[in-house]
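Just below is one structure, and these are the notes that go with it.
All values derive from a computational prediction rather than experimental measurement. Atom set for the values below is all heavy atoms of this structure, side chains included, hydrogens, waters and symmetry mates excluded. Read the numbers this way: they start at 1 and go in the same order the structure lists the ligands and their atoms.
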Amino acid sequence: MRFSFFDREAIVRELTEITFDLVIIGGGITGAGIALDAATRGMKVALVEKNDFSSGTSSKSTKLIHGGLRYLKQFHFKMVAEVGRERRIVHNLAPHLVIPEKMLLPIMKGGSMGMFSISAGLKIYDLLAGVKGDDQRIMLNKKKAILTEPLLPEDRISGAGFYAEYRTDDARLNIEVLKTAHANSTLAVNYMETTDFLYADSKVKGIICKDRISDRSVNIRGHYVVNAAGPWVDDIRKLNHSLTGKHLHITKGIHMVISREKLPVRQSMYFEVPDGRMIFIIPREDISYIGTTDTDYKGDKDKLYATREDAEYLLKAVNSTLPSIELTLNDIISSWAGIRPLISEEGKSASEISRKDEIFISGSGLISIAGGKLTGYRLMASKVVNIVSGKTKKEFGKSFRKRKSRHFPLCGSNFSNYDEVINYINKIAVKLSLMGMPDNRASYLVHNYGYQTEKILDQVLPGKGTDMEETLLMKELAFCINEEMVVCPLDFLERRTGRLLFDIHSVEKYYEKVTGYFRDIFDWPDNRYEKELAIIESKINCSKNLQT
Ligand code: FAD
């Protein structure tokens with residue numbers, strides 16, 4: 001079966017016919033990682049997601065695969081070591097999608113961190129994570145720091161640390177992990193909401209879902225059920241009548257996008273602001289994005305947006321570190337907001353709460369996992385699947401293969417190193433140019449799709465267009481409909497391509513064409529077409545305009 005809406009009916013039918021070794025609730029990176037880990041061990045796995053895959057926190061992060069330097073300050077050495085080592089592994093699994101990114105950490109006069117503490121901190125960071133060779137941190141004196149980043153204020157800078165991290169696209173990483181799980185027999189379906197549980201002898205033996213496409217109720221049976229619903233973990237525990245003891249503490253973080261022209265940083269930066277928090281600026285193609293905030297959140301988890309207050313905090317932070325830039329609210333092109341599913345710790349503020357993950361097992365056997373980070377998705381997955389594997393052995397005497405996800409390159413990722421990625425980008429640029437298409441899209445395509453780029457270029461469209469940028473976009477859309485379970489235009493514009501976040505102008509230019517393609521392919525009636533247009537318009541509005 002293809003991982004496509006065209007085969008959704010068949011996938012849903014099969015979901016109701018089999019008893020799975022493992023059923024997973026939640027199609028963010030945590031659920032996707034668990035599915036892949038379990039599938040590669042030989043488990044029969046089902047996964048359901050109530051909206052689109054990665055529509056929760058896993059498309060709203062800072063999009064870094066990082067060890068969490070700031071957690072050193074909180075003495076979380078074990079977590080920094082584990083997650084830090086993961087960076088290289090995740091890079092090797094998808095070198096085109098998890099790309100090396102040098103980070104500049106300026107040391108400001110009057111700041112809480114001096115040259116010595118930064119030097120020692122970064123050294124420990126490298127040692128814990130086993131960073132070697134050119135990737136090891138170097139310290140820059142004042143002159144070198146300013147040469148590296150001329151936007152830094154000469155009178156206030158005393159030097160900088162320069163160290164290695166990785167940058168990704170969280171939603172694309174999420175979908176490639178799921179596609180790889182699908183290629184290993186996982187049945188995953190989006191727009192399928194868990195509304196209750198199936199029980200036998202008071203033990204959870206499956207889930208009841210509402211299929212949001214057909215409006216039907218669907219029962220999925222499984223020996224074990226994992227709740228990987230991120231910020232909704234406690235809602236699912238409540239459905240299971242097991243919300244006792246520890247619970248989630250939800251905090252919100254926003255990012256805002258500024259044109260590269262206005263904020264022309266030469267590389268990523270990580271800097272301290274007057275309240276002691278740390279902020280990132282990450283350049284990406286024609287834009288730079290800034291993040292993030294960390295504030296307690298008690299509102300509607302399905303309706304998130306950046307407020308003027310959030311944005312003013314970040315503007316102030318950047319303007320105090322790079323005063324020549326003078327950013328204002330008018331410079332914000334777009335923004336996004338996400339929520340962190342942290343585990344509550346008595347008396348600690350949002351920024352102080354640990355990002356470590358925890359597993360809760362209810363009396364009826366529901367296994368819930370919360371906390372953690374995008375970077376550590378494989379480690380979290382392995383802990384959960386070890387539990388499921390142990391329980392299966394005990395209850396059914398059935399054994400599975402050992403964990404293998406470390407050696408499973410993600411879809412489109414058969415590159416042996418980053419040099420190969422660069423060579424492939426050059427090859428694609430030539431190909432695009434021969435096809436009369438914009439060759440400057442080569443880097444975007446390869447970083448998002450890896451070796452699948454040629455599949456995109458091979459897509460056949462119904463008509464011949466004259467706008468080659470549009471033709472390329474439509475080929476990308478056809479690929480995502482055929483191979484990435486895209487159900488509606490926003491799945492494509494926001495999550496598969498990241499355009500709503502990073503290239504909102506192209507969304508404004510092409511969303512009617514994109515929606516028209518859906519109408520033609522899926523034979524949508526006019527009212528569905530109009531409804532989808534209204535959804536995108538409201539999203540554009542929310543992304544461009546801050547709420548009060
Ligand atoms: P989610 O991605 O939210 O997935 C849970 C899914 O469950 C959702 O898609 C939801 O729709 C689904 N669901 C809920 N209820 C149901 C139901 N009833 N039925 C079916 N499905 C359901 N980590 C990093 O490593 N690097 C970073 O740079 C980074 N930056 C961050 C910045 C911000 C602002 C935030 C908020 C987080 C950041 N993180 C970062 C953390 C990281 O993004 C999260 O840890 C991770 O994305 C959580 O993934 P998840 O799968 O647990 O949750």
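Atom numbering of ligand 1 starts at 1 in the shown order; those under 4.0 Å from a heavy atom of M192 are 20 (C). Taking every non-hydrogen atom of G56 and a distance limit under 4.0 Å, the qualifying atoms of ligand 1 come out as 2 (O), 3 (O), 9 (O). Using a 4.0 Å cut-off to heavy atoms of T292, the atoms of ligand 1 that qualify are 34 (C). Less than 4.0 angstrom separates some heavy atom of G253 from each of these atoms of ligand 1: 34 (C). Set against the non-hydrogen atoms of H66, the atoms of ligand 1 under 4.0 Å away are 26 (N), 27 (C), 28 (O). Atoms of ligand 1 found under 4.0 Å from any heavy atom of I236, numbered from 1 in the order shown, are 17 (C), 18 (N). Annotation for ligand 1: atoms under 4.0 Å from non-hydrogen atoms of A228 are 5 (C). Ligand-side atoms of ligand 1 in range of S58: 1 (P), 2 (O), 46 (C), 47 (O), 48 (C), 49 (O), 50 (P), 51 (O), range being under 4.0 angstrom from any heavy atom.
Residues I481 and F5 have side chains not in contact (no heavy-atom distance under 4.5 Å, counting atoms from C-beta outward). By the 4.5 Å heavy-atom criterion applied to side chains, I11 and E14 are not counted as neighbours. Side-chain contact between V318 and M269: absent, with no pair of heavy atoms (C-beta onward) separated by less than 4.5 Å.
Considering backbone and side-chain atoms alike, G372 places an N or O below 3.5 Å from some N or O of ligand 1. For ligand 1, one of its N or O atoms has an N or O atom of T62 under 3.5 Å away. An N or O contact shorter than 3.5 Å links L374 to ligand 1 by distance. Not a single N or O atom of P231, backbone or side chain, sits closer than 3.5 Å to an N or O atom of ligand 1.
The protein atom (non-hydrogen) at minimum distance from atom 15 (N) of ligand 1 is W232 CB, 3.6 Å. Of all protein heavy atoms, the one closest to atom 31 (C) of ligand 1 is S61 CB, 3.3 Å. Scanning the protein heavy atoms around atom 8 (C) of ligand 1, the nearest turns out to be E49 OE1, 3.4 Å. At the top of the distance list for atom 25 (O) of ligand 1, counting protein heavy atoms only, stands T375 OG1, 2.6 Å. With respect to atom 1 (P) of ligand 1, the closest heavy atom belonging to the protein is T57 N, 3.6 Å. Residue, atom and distance of the protein heavy atom nearest to atom 26 (N) of ligand 1 are L64 O, 2.7 Å. The protein heavy-atom contact nearest to atom 40 (C) of ligand 1 is K373 NZ, 3.6 Å. Protein heavy atom in closest approach to atom 22 (C) of ligand 1: K50 CG, 3.7 Å.
Of the possible polar contacts, one joining the D491 side chain to the V487 backbone as a donor-acceptor pair under 3.5 Å is found. Between the S334 side chain and the S543 main chain, no donor and acceptor come within less than 3.5 Å of each other.
Ionic pairing of R378 and E86 is present here: one or more N-O contacts between side-chain nitrogen and carboxylate oxygen are shorter than 4.0 angstrom.
The salt bridge (Lys or Arg N to Asp or Glu O under 4.0 Å) with E165 is formed by just one residue from the set K63, R87, R88; it is R87. Each of T295, D310, D294, T292 was evaluated against K252; a single residue qualifies, D310, per the side-chain hydrogen bond (donor to acceptor under 3.5 Å, both in side chains) test.
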Applying side-chain hydrogen bond (donor to acceptor under 3.5 Å, both in side chains), run through H223 and T19 and close with a yes or a no.
CA-CA 7 Å; H223 295 312; T19 298; over 6 Å; no
Where do Y313 and R277 land on the side-chain contact (heavy atoms from CB on, under 4.5 Å) test, with the steps shown first?
CA-CA 11 Å; Y313 172 86; R277 290 195 60 251; 3.0 Å; yes
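Q267 CD: more than 12 foreign heavy atoms inside a 6.0 Å radius.
The closest approach between K252 and ligand 1 stays at or above 4.0 Å for every heavy atom of the residue.
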